[in-house]
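Note: hydrogens, waters and symmetry copies are ignored here, and every other heavy atom, side chains too, is used.
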Amino acid sequence: MKDLLLVVLIVLVLFFAFLYVYKAKKKGVKCIGCPSASKCGKKSCVCSCSSDKENK
């Protein structure tokens, strides 16, 4: 029973991770993990999260 519960939990986590990526790609987000992903251009995304922290 514990094994079944663990498998169901892992499947749910993977499903919701896939759903998050799918929705983000449908919105046109290029860099999903980047906090400023919605500000990226259409052709490329330069996620300079570390340089943003240095500039502030």
- [ ] Indicate, with yes or no, if Leu4 and Phe15 share a hydrophobic cluster defined by side-chain heavy-atom contacts under 4.5 Å among Ile, Leu, Val, Met, Phe, Trp and Tyr.
- [x] yes

- [ ] Apply the side-chain contact (heavy atoms from CB on, under 4.5 Å) test between Val8 and each candidate in Leu12, Leu6, Val11; give the one that qualifies.
- [x] Leu12

Task: Reported CG-to-CG distance for the pair Leu19 and Leu14, which is rounded to 0.5 angstrom - done: 12.5 Å

- [ ] Drop me the distance from Leu5's CG to Ile10's CD1, to the nearest 0.5 angstrom.
- [x] 10.0 Å

